[in-house]
A.B. asks: 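One structure is given below, represented as structure tokens, and several questions about it will come after.
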Amino acid sequence: MTKILIAFFSRADENYFAGAMRYVKVGNTEIVCGIIKDLTGADSFKIEMKDPYSPVYMTCIEEAKKDLRAKARPELVSMPESIDEYDTIILAYPNYWGTMPMAVFTFLEAFDFTGKTILPLCTNEGSGMGGSERDIKKACPGAVVKNGLPITGSQAANSKASVQKWLSANGLL
Ligand SMILES: Cc1cc2nc3c(=O)[nH]c(=O)nc-3n(C[C@H](O)[C@H](O)[C@H](O)COP(=O)(O)O)c2cc1C
């Protein structure tokens, strides 16, 4: 049987939802990952920065831009000891400036994904997957990277049907 790991980055606190700023306790990507976990029973790992971005949206935007420009690899709170037991990694993240948050690069570069299948999922507010699928392929040269699923962040709680369809199309349900 396929063993699945859901690895995700998500930020709570202040975010922008269809024209308004709001503070939330659970980020959009984490909401979608909860749905995936309920559907698949997969293990999950949260990619968390040791020095997280600001809870204030406009500050976070600038910090993330600076990290992107610097090609930063922010240190993480923890790493899985190994990903050997997993054949499939559902990699979920928000679109930050057209790609993944730099912390997701830190995670990807820590392991050898040769022979593994990666399913990218990107929550966003209009830019879809951006260049993230290309960036994952570059960071994980030996992996099979499937077509990603873009989800509108503010619709995260209503994404069950599209998530289900995508998981089924990839033989995971
Ligand atoms: C630093 C930052 C950069 C972002 N850049 C983009 C972007 O380039 N394109 C886009 O569509 N949305 C962008 N967004 C919106 C997020 O992708 C969207 O709100 C996402 O669902 C947030 O996920 P989270 O709540 O799990 O962290 C950005 C948000 C932040 C905080």
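Read the numbers this way: they start at 1 and go in the same order the structure lists the ligands and their atoms. Keep in mind that the numbers below use all heavy atoms, side chains included, and drop hydrogens, waters and symmetry copies.
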A.B. asks: What residue and atom, counting heavy atoms only, is the protein's closest point to atom 6 (C) of ligand 1, and at what distance?
C.D. replies: N95 O, 3.1 Å
A.B. asks: Give me the residue, atom name and distance of the protein heavy atom closest to atom 10 (C) of ligand 1.
C.D. replies: S127 OG, 3.3 Å
A.B. asks: So, is G27 polar-close to ligand 1, with some N/O to N/O distance under 3.5 Å?
C.D. replies: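 Not met; the criterion fails.
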A.B. asks: Flag yes if V32 and L172 sit in one hydrophobic cluster, no otherwise; membership is Ile, Leu, Val, Met, Phe, Trp, Tyr, and two members link when side-chain heavy atoms are under 4.5 Å apart.
C.D. replies: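 Same cluster.
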A.B. asks: How far is atom 31 (C) of ligand 1 from the closest protein heavy atom, and which atom is that?
C.D. replies: Y96 CE1, 3.6 Å
A.B. asks: For side chain to side chain donor-acceptor pair (under 3.5 Å), just list the numbers for E125 and S154, CA-CA rounded to whole Å, side-chain angles, deciding distance to a tenth of an Å, and then say yes or no.
C.D. replies: CA-CA 8 Å; E125 280 306 320; S154 42; 3.2 Å; yes
A.B. asks: Describe, in one word, how the ring planes of Y96 and F9 are oriented to each other, choosing from parallel (under 30°), tilted (30 to 60°) and perpendicular (over 60°).
C.D. replies: perpendicular
A.B. asks: Could you tell me the separation between the CG atom of L119 and the CG atom of L149, rounded to the nearest 0.5 Å?
C.D. replies: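 Reported to 0.5 Å precision, the distance equals 9.0 Å.
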A.B. asks: Could you walk me through whether M79 and L76 satisfy the side-chain contact (heavy atoms from CB on, under 4.5 Å) test, starting with their C-alpha distance in whole Å, then the side-chain angles of each, then the deciding distance to 0.1 Å, before giving a yes or no?
C.D. replies: CA-CA 7 Å; M79 282 279 192; L76 306 185; 3.6 Å; yes
A.B. asks: Hydrophobic clusters here meaning ILVMFWY residues chained together by side-chain heavy-atom distances under 4.5 Å, can you tell me if I36 and L173 are in one?
C.D. replies: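 Per the 4.5 Å side-chain linkage, I36 and L173 are co-clustered.
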A.B. asks: Please write down residue, atom name and distance for the protein heavy atom closest to atom 5 (N) of ligand 1.
C.D. replies: W97 N, 3.0 Å
A.B. asks: Against heavy atoms of A64, which atoms of ligand 1 measure under 4.0 Å?
C.D. replies: 1 (C)
A.B. asks: Which of the numbered atoms in ligand 1 are under 4.0 angstrom from any heavy atom belonging to T123?
C.D. replies: 17 (O), 20 (C), 21 (O), 22 (C), 23 (O)
A.B. asks: Using the side chain to side chain donor-acceptor pair (under 3.5 Å) rule, take D87 and T2 through it: C-alpha gap first, then chi angles, then the decisive distance, then the call.
C.D. replies: CA-CA 6 Å; D87 336 270; T2 312; 4.8 Å; no
A.B. asks: Check ligand 1 against G153 and write out every atom of the ligand that is under 4.0 Å from a heavy-atom position of the residue.
C.D. replies: 21 (O)
A.B. asks: For ligand 1, which is the ligand I care about here, please tell me if G128 has any N or O atom under 3.5 Å from one of the ligand's N or O atoms.
C.D. replies: no
A.B. asks: For ligand 1, which atoms have a heavy atom of I61 less than 4.0 angstrom away?
C.D. replies: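 In order of numbering, the contacting atoms are 1 (C), 2 (C), 3 (C), 30 (C).
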A.B. asks: When you compare ligand 1 with E30, is there at least one nitrogen or oxygen pair between them that comes in under 3.5 angstrom?
C.D. replies: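 N/O-N/O distance under 3.5 Å: no.
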A.B. asks: One thing to verify: whether K3 and D43 come together as a salt bridge, which I'm taking to mean a side-chain N less than 4.0 angstrom from a carboxylate O.
C.D. replies: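 Between K3 and D43 there is a salt bridge, with a charged N closer than 4.0 Å to a carboxylate O.
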A.B. asks: Looking only at protein heavy atoms, which one is nearest to atom 22 (C) of ligand 1, and how far off is it?
C.D. replies: P94 CB, 3.5 Å
A.B. asks: Answer yes when E14 and R22 have at least one side-chain N-carboxylate O distance shorter than 4.0 Å, and no when they do not.
C.D. replies: no
A.B. asks: Start with the C-alpha distance between T117 and T88, add both sets of side-chain angles, then the distance that settles side chain to side chain donor-acceptor pair (under 3.5 Å), and finish with yes or no.
C.D. replies: CA-CA 5 Å; T117 299; T88 299; 4.7 Å; no
A.B. asks: Any idea which atoms of ligand 1 are less than 4.0 Å away from a heavy-atom of N15?
C.D. replies: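 In order of number, 19 (O), 22 (C), 25 (O).
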A.B. asks: Considering only the protein, which heavy-atom contact is closest to atom 25 (O) of ligand 1, and what is its distance?
C.D. replies: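 It is N28 N, 2.7 Å.
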A.B. asks: Side chain or backbone, does S10 bring an N or O within less than 3.5 Å of an N or O on ligand 1?
C.D. replies: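 There is such a contact, yes.
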A.B. asks: Apply the test side chain to side chain donor-acceptor pair (under 3.5 Å) to residues S132 and Y93: give CA-CA distance (whole Å), side-chain angles for both, the deciding distance (0.1 Å), then the verdict.
C.D. replies: CA-CA 10 Å; S132 63; Y93 47 85; 2.7 Å; yes
A.B. asks: With heavy-atom distances below 4.0 Å as the criterion, list the atoms of ligand 1 near T29.
C.D. replies: 23 (O), 24 (P), 26 (O)
A.B. asks: Could you list which atoms of ligand 1 come closer than 4.0 Å to a heavy atom of G98?
C.D. replies: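 Near G98, the atoms of ligand 1 are 8 (O).
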A.B. asks: Distance under 4.0 Å to a non-hydrogen atom of G126: what atoms of ligand 1 satisfy this?
C.D. replies: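 It comes down to these atoms of ligand 1: 11 (O).
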